[in-house]
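Everything below concerns the one structure shown next.
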Amino acid sequence: MEGVRKHYGILLASLAIIAAALPCCSSQTTRRFQFNVEWKQVTRLCTTKQLLMVNGQYPGPTIAVHEGDNVEINVKNQIAQNTTLHWHGVRQLRTGWADGPAYVTQCPIRGGQSYTYKFTVTGQRGTLLWHAHYAWQRASVYGAFIIYPRIPYPFSHPIQAEIPIIFGEWWNGDPDEVENRMMLTGAGPDSSNAYTINGLPGPLYPCSNQDTYIQTVEYGKTYMLRIINAALADELFFAIAKHTLTVVEVDAVYTKPFATTSIMIAPGQTTTVLMTANQVPDFTGMFVMAARPYLTSVFPFNNSTTIGFLRYKNARTWKGKSPVDPSSLKLHNLPAMEDTAFATKFSDKIKSLASPQYPCNVPKTIDKRVITTISLNIQDCPENKTCSGYKGKSFFASMNNQSFVRPSISILESYYKNLTTGSFSSDFPEKPPNNFDYTGGDPLTQNMNTKFGTKLIVVPYGTNVEIVLQDTSFVNLENHPIHVHGHNFFIVGSGFGNFNEARDPKRYNLVDPPERNTVAVPSGGWAAIRIKADNPGVWFIHCHLEQHTSWGLATGFIVQNGQGPSQSMLPPPQDLPSC
C-alpha cells in the first residue's frame with residue numbers, strides 16, 4: 001500500500017500548495033508558470049519507457065487561476081521534436097496567438113526553444129484542461145486548468161475539498177508511432193493498453209496494484225470532483241460504487257444541478273460534480289470508482305476498465321497487497337459499454353443554469369446556418385502504393401467531404417499578415433455536396449472518396465452562426481466529440497437520424513440549452529450548436545478523437561475584426577515561433 005499512498009499523496013500535496021498560493025478574492029493579477037516539456041522514464045503495466053511530460057509530472061501540473069487573471073505560461077521545449085500546448089476551453093479573447101493548435105494559430109515550438117503563452121481569463125470560471133496540440137503528444141502531456149470564481153459558487157453545499165479526476169490512456173509503445181504507422185499504411189490505429197485515473201491504471205491491469213489511485217474522504221463531508229476526460233480516443237462512463245453524483249458544471253459553465261448515478265464524458269469535456277460521502281463501507285473501507293469506454297465504433301478499441309478507490313477515513317483498513325481482490329469487484333452504477341440510452345438521457349439532463357447572475361445568452365436568431373456531415377471515408381489507394389485499410393484502401397475522415405490538411409505555415413499568421421501563400425481558402429462548403437440518407441445508407445458501398453484541402457468558413461464579427469453536425473453511416477455510425485476553439489457554443493438541439501431543416505429547428509431549446517466547448521454528436525444522429533462569433537481570429541473546429549483529426553475530420557472558421565481595437569485581434573507577440 002505504500003506505493004499506492006505515494007501516488008495520491010503527492011497529488012494532494014501539490015494541490016494543497018497550489019490552493020495555498022492562491023489568494024481567495026484578490027484583484028486582477030498576473031499568474032506566471034514555467035512549463036518544461038521533457039522526456040522522463042516511467043513504468044506502468046510491466047513496461048518501462050521514456051514518457052513525454054511537463055515538469056516531470058504525469059499528468060502534468062495543475063494550472064489554478066482566478067476569473068479575470070492575466071496568465072503567462074513560458075513553455076520551454078527540451079526535446080528534439082516540435083511541440084505546442086493548448087488551453088482547452090479558454091476563450092482567448094483577441095489572443096488567438098496563445099491558443100496552441102500547430103499550424104492553425106502558431107508554428108510549433110522547436111526543440112531547445114521557448115514560447116510564452118499570454119492571455120486573460122475573462123468571464124469564465126470552473127474546470128477546463130490543457131494539453132499538447134502537436135501530433136499525438138497529448139497522450140501524456142495534459143493537466144487540469146482550474147478557474148476559481150471571484151464570488152461564491154451558486155450552490156450552498158459546504159465543500160470539504162476539490163479533487164481533480166483526470167482520465168487518460170496509456171500505451172506501452174510510442175503513441176506518435178501509432179499515428180505515423182496509421183497514416184503511412186492507411187490502416188486503423190492500434191488501441192491503447194490501459195485507461196488511467198490521474199495517470200494510474202489500477203489493479204485490473206498487469207503489474208498495477210501499486211499504481212492505483214486512492215482518494216481519502218470523511219463520512220458526511222461533501223467533495224467537489226473536477227472530472228476531465230483527457231483520453232485520446234474514447235468517450236468514457238464513470239461511476240463511484242453506491243454514491244450519487246450531482247452535476248453542477250460542464251466545460252466551465254454552471255448548470256442546473258441534477259443527481260445521477262454515473263456520467264458519460266467525451267474527450268475534451270469536463271464535468272464538475274458534488275459527491276457526499278454518506279455510505280457505510282465494508283471491511284475494506286473502500287468503494288470502487290471506475291471508468292470504461294462508451295462504445296460506438298467498429299474499429300478495434302481498448303475494452304478494459306480502469307478503477308481507483310474511495311477510502312473512508314478512520315474505517316478499518318485492508319492489510320493485503322491490494323485493497324480488494326479485483327476479480328470479485330462489482331462495478332455498481334457503471335453503464336454497459338454500449339448503453340446509448342444512458343448516454344442520451346444523461347446528455348439531455350444538462351441545462352444551463354440560466355439565472356439572473358449567470359444568464360444563458362443563446363442567440364435567438366441566426367445570420368448563417370452551416371450544415372456539415374462528419375464522416376469517416378475509405379480512400380482509393382494511390383498507384384504504386386500498398387494500403388492496409390478496408391479492401392486495400394486507406395481510412396480518412398472529413399466534414400462535408402473535405403478532409404482538412406494542415407499547411408506548412410500558421411493559418412492565423414497568414415491571415416493576419418495577409419500573406420498570399422495559398423495556405424488556406426475561404427470556401428468551405430456550407431451544405432453537404434450530395435443529399436442522401438446520411439445515417440441509413442450502406443456504410444461501405446455508399447462511401448465516397450474525400451477531397452483534401454484547407455477550406456475555412458469566414459464570418460464578420462458578431463455573426464450568429466448555427467452549425468448542424470450530422471453524423472453519417474460511412475464506415476460506421478459513431479459518437480463524435482466536436483471541439484470548437486475560441487468560443488463557447490449552445491447545443492440548441494440534437495436527435496437521431498437525419499437533421500430536417502424544416503422540422504427540427506421548431507424543437508430547439510432556446511431557453512436553457514447547455515453551453516459547452518465540446519459536443520458529443522450522437523451516434524447516428526445530429527447536434528445543432530449556436531455560436532456568437534465575437535472573438536476575432538482563426539479558430540480550429542475538429543473531432544477530439546485524435547485518430548479522426550489525423551485523418552482530417554476538421555475545419556476552422558475566421559472571425560473578421562469588428563469596429564475598433566476592442567473588436568480586433570491583438571498583434572502577434574515578439575517570441576511567436578516561426579516555421
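Side-chain atoms are counted along with the backbone in the values below, which use heavy atoms only and exclude waters and symmetry mates. Counting from 1, the numbers follow the sequence of the chain as shown.
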For this session: Ignoring hydrogens and angles, state whether a donor on the side chain of Asp234 or Tyr195 is under 3.5 Å from an acceptor on the partner side chain.
Result: yes
Practice item. In plain terms, say whether Asp512 and Lys351 are close enough for a salt bridge, that is, a side-chain N and a carboxylate O under 4.0 Å apart. Key: no
- Query: Any donor-acceptor pair under 3.5 Å linking the side chain of Thr373 with the backbone of Gln470?
  - Reply: no
| request: Determine the interplanar angle of the Tyr58 and Trp170 rings, folded into 0 to 90°, and report it as parallel if under 30°, tilted if 30 to 60°, perpendicular if over 60°. | output: tilted
Is the Tyr254 ring parallel, tilted or perpendicular to the Tyr358 ring (thresholds 30°, 60°)? perpendicular
Taken in chain and number order and not counting sequence neighbours, the residues that satisfy side chain to side chain donor-acceptor pair (under 3.5 Å) with Thr127 are Arg226, Thr272
Checklist entry - When you look at Ser388 and Thr185, which way does the side chain to side chain donor-acceptor pair (under 3.5 Å) test go after all the steps? => result CA-CA 5 Å; Ser388 301; Thr185 65; 4.5 Å; no
Hits for ring-ring contact (aromatic ring centres under 6.0 Å, His included) against Phe258, two or more places apart or cross-chain, chain-then-number order -> Phe346
Notebook entry, point to check: Any side-chain donor paired with an acceptor under 3.5 Å for Ser375 and Asn377?
Noted result: no
Is the closest side-chain donor-acceptor distance between His88 and Thr518 under 3.5 Å?
-> yes
Can you say whether the rings of His544 and His131 are parallel (under 30°), tilted (30 to 60°) or perpendicular (over 60°)?
perpendicular
Cys360 meets the disulfide (SG to SG under 2.5 Å) criterion, sequence neighbours left out, with none
Applied to residues 482-510, the salt bridge (Lys or Arg N to Asp or Glu O under 4.0 Å) test, sequence neighbours excluded, yields Arg369-Glu501, Lys431-Glu501, Asp504-Arg507
For Phe436, the ring-ring contact (aromatic ring centres under 6.0 Å, His included) test, sequence neighbours excluded, returns Tyr438, Phe474
TODO: Could you tell me if the ring centre of Phe557 sits under 6.0 Å from that of His487?
DONE: yes
request  = Indicate the ring-plane relationship of Phe342 and Phe237, choosing parallel, tilted or perpendicular according to the 30° and 60° boundaries.
outcome  = perpendicular
Check your understanding: Strictly by modelled atom types, are Asn498 and Thr439 linked by a side-chain donor-acceptor pair under 3.5 Å?
Key -> yes
Sorted by chain and number, sequence neighbours left out, ring-ring contact (aromatic ring centres under 6.0 Å, His included) with Trp526 holds for Phe499
Can you say whether the rings of His483 and His542 are parallel (under 30°), tilted (30 to 60°) or perpendicular (over 60°)?
perpendicular
